[in-house]
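In what follows, a structure is listed as structure tokens, so that the remarks can point back to it.
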Amino acid sequence: MYQGTNLPKVGSYNRAVVLEAIAASDGISRVQIAAVTGLTPQTVSVIVRRLLEEGLVVEDGSAPSSGGKPRTILRVDARAGYAVGVHFDPQELSIVLADLAGRPLARLHLPQRPGVRPDAVIRTMARAARRILREAGVPDGKVLGVGLACPGPLDADGVMVSPPRLPGWDRVPIKGLLQEYTRFPVTVDNDATAAAIGERWAGIARSAPGLAYLYLGTGIGGGLILDNQVYRGSSLNAAEFGHITVEPEGPECYCGNRGCVEAVCCPSAIEAALGTGADHAAICAAAASGEPAARRVIERVAQRLADAAVSVVNMLDIDLLVLGGPALREVGEIYREVIARAVAERPLARRLHAVRVETSPIAADAAAIGAASLVFHATYAPRLGTLVSG
């Protein structure tokens, strides 16, 4: 949970701290907000009054008090704003409409044909965003923006830079074009970071100060939240967990190294390892039902993911590791069990604290819901930079 500050000239930061405390709770009183944020009761009361006036927060019943009158419960008004989340995967577009509480209200999935020009794909994204808003009856004035989760690397302006699984997309200004075609503000991030933000805003990680998100899709990526702040690195492309080496003599990866997690654990690597011509979905289904050959392949992949997870835990000393993404399919629990056992037994600090390993409850749509959450996070999340900016 964020801590507020009672110094002057930090009103916007404290406002975001209070709103985050309300959003992370299942109902919270003013007294409880003061306790968890470190702000004075007077400061909390002033901020809450403004949030009520703005319509972002509502009073919703009361809770018993140990003395005096009952405490009024505050909640985020989920209807105060909406965002569209777009996840661009090489094989599929996933579009989600979410309310301010991060709850998905509508979903749309559009398969992608290989070789379609970037401009045509981005126009399809824009039409899909407009369609989902129209069908849900959400007016433009209630839309805070569009969030876009897509493969990286991305530069600071939302331009794709040589994405390895998307030939023909180098230097495509995907953020600017989607903003032009939708006529909404667009917030963009790589798919794994978006998924991590989605878990923080609306999933199982609302109160975790630090987490690593291992994203399993067409490729394998990661997202990081450290000390309550999203960590992106100097080029905005941190947490490439898919390029941790787990088999030094393994197959060559497109990044130039050998035996990377992605090279041995992505869906196409799983298909090649079994060698029967079955696709990834069929292999996962077979492994989940106990078919021996498929199970062996998935368990080997789980062990390699666990090797990478132990490295991440040792390096970052996090409290929570979340597994998500569409490639989990029916085998998510196999992965979770193997990884949880490894991070319980192998990290250096294992006797000092336990690391939770959880499968995202929104795993299949994690990046799309995370993309919508990018908008809420960019608009309302506390940022330490606001304390030092001029």
Side-chain angles (χ1 to χ4, degrees), residues 84-96 108-130 145-198 213 215-223 232-243 252-257 260-263 265-269 280 325-327 365-368 370-372 374-375:
V84 177
V86 178
H87 177 209
F88 171 36
D89 182 88
Q91 297 181 352
E92 184 180 64
L93 288 180
S94 300
I95 300 90
V96 167
L108 185 61
H109 295 275
L110 302 173
Q112 289 296 290
R113 291 182 291 106
V116 178
R117 292 183 301 106
D119 187 74
V121 174
I122 298 169
R123 288 183 184 275
T124 299
M125 295 179 194
R127 287 193 296 270
R130 282 287 176 183
V146 174
L148 173 63
C150 64
L154 295 159
D155 72 11
D157 296 318
V159 176
M160 301 179 77
V161 182
S162 300
R165 294 182 179 274
L166 287 166
W169 283 78
D170 186 31
R171 297 296 168 182
V172 172
I174 191 167
K175 174 183 176 179
L177 289 174
L178 186 58
Q179 192 160 285
E180 176 186 344
Y181 298 155
T182 61
R183 301 188 300 281
F184 288 121
V186 171
T187 305
V188 64
D189 218 320
N190 73 60
D191 42 18
T193 297
I197 291 172
Y213 195 105
Y215 183 82
L216 308 173
T218 301
I220 295 176
R232 294 183 172 89
S234 59
S235 71
L236 310 181
N237 291 282
E240 286 290 355
F241 300 153
H243 298 285
E252 185 174 353
C253 180
Y254 58 75
C255 73
N257 294 310
C260 292
V261 172
E262 182 156 328
C265 299
C266 71
S268 59
H280 179 253
D365 286 319
L374 288 175
V375 177

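All values below were derived from every heavy atom in this structure, side-chain atoms included, with hydrogens, water molecules and symmetry-related copies excluded.
- The side-chain contact (heavy atoms from CB on, under 4.5 Å) test with I95 singles out one residue from D365, V84, T124, and that residue is V84.
- Within the 4.5 Å cutoff, side-chain heavy atoms of V188 are placed close to those of L154.
- In this structure, the separation between CD on Q112 and CG on D89 is 9.0 Å, given to the nearest 0.5 Å.
- Atom OG of S162 sits about 7.0 Å away from atom CZ of R171, to the nearest 0.5 Å.
- Minimum heavy-atom separation, A371 to G85: CB-CA, 3.7 Å.
- Distance SG/C150 to CG/D191: 7.5 Å, rounded to 0.5 Å.
- For the pair P153/S235, no side-chain contact is recorded, criterion being any heavy-atom separation below 4.5 Å from C-beta on.
- Closest heavy-atom contact between A194 and A149: CB-CB, 3.7 Å.
- Taking 4.5 Å as the limit, some side-chain heavy atom of Y254 sits within range of a side-chain heavy atom of R165.
- We find the CD1-CD distance between I122 and Q179 to be 12.5 Å, quoted to the nearest 0.5 Å.
- Remark: F88 CZ to S94 OG distance equals 11.5 Å, nearest 0.5 Å.
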Step by step, would you call E180 with R123 a salt bridge (Lys or Arg N to Asp or Glu O under 4.0 Å)?
CA-CA 10 Å; E180 176 186 344; R123 288 183 184 275; 5.7 Å; no
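- Taking the side chain as every heavy atom from C-beta outward, D170 and V161 approach each other to under 4.5 Å.
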Start with the C-alpha distance between V146 and M125, add both sets of side-chain angles, then the distance that settles side-chain contact (heavy atoms from CB on, under 4.5 Å), and finish with yes or no.
CA-CA 10 Å; V146 174; M125 295 179 194; over 6 Å; no
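- Under the 30°/60° scheme for interplanar angles, the aromatic rings of Y215 and H87 are found to stand perpendicular.
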Run the side-chain contact (heavy atoms from CB on, under 4.5 Å) test on T187 and L148 for me, step by step, so that the C-alpha distance in whole Å, both residues' side-chain angles and the decisive distance to 0.1 Å come before the verdict.
CA-CA 6 Å; T187 305; L148 173 63; over 6 Å; no
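- If you take CG on L93 and NE2 on H109, they are separated by 10.5 Å, rounding to the nearest 0.5 Å.
- Heavy-atom minimum distance, V186 versus K175: O-CE, 3.0 Å.
- Residues C253 and H243 meet the side-chain proximity criterion, which asks for heavy atoms closer than 4.5 Å.
- Between P173 and V159, the closest heavy-atom pair is CA-CG2, 3.9 Å.
- Nearest heavy atom pair, residue E262 against residue A269, reads O-CB, 4.5 Å.
- Annotation: side chain of C265 is in contact with side chain of I220 (closest heavy-atom distance under 4.5 Å).
- Shown here for G242 and C260, the closest heavy-atom pair between the two residues is O-CB, 3.4 Å.
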Working note: R130 + Y181, criterion side-chain contact (heavy atoms from CB on, under 4.5 Å); need CA distance, chi angles, decisive distance, verdict.
CA-CA 10 Å; R130 282 287 176 183; Y181 298 155; over 6 Å; no
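- Under the 3.5 Å distance criterion, the side-chain polar atoms of D189 are left unmatched by any main-chain donor or acceptor of T193.
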As a quick check of understanding, evaluate side-chain contact (heavy atoms from CB on, under 4.5 Å) for R232 and N237, giving each step before the final call.
CA-CA 6 Å; R232 294 183 172 89; N237 291 282; over 6 Å; no
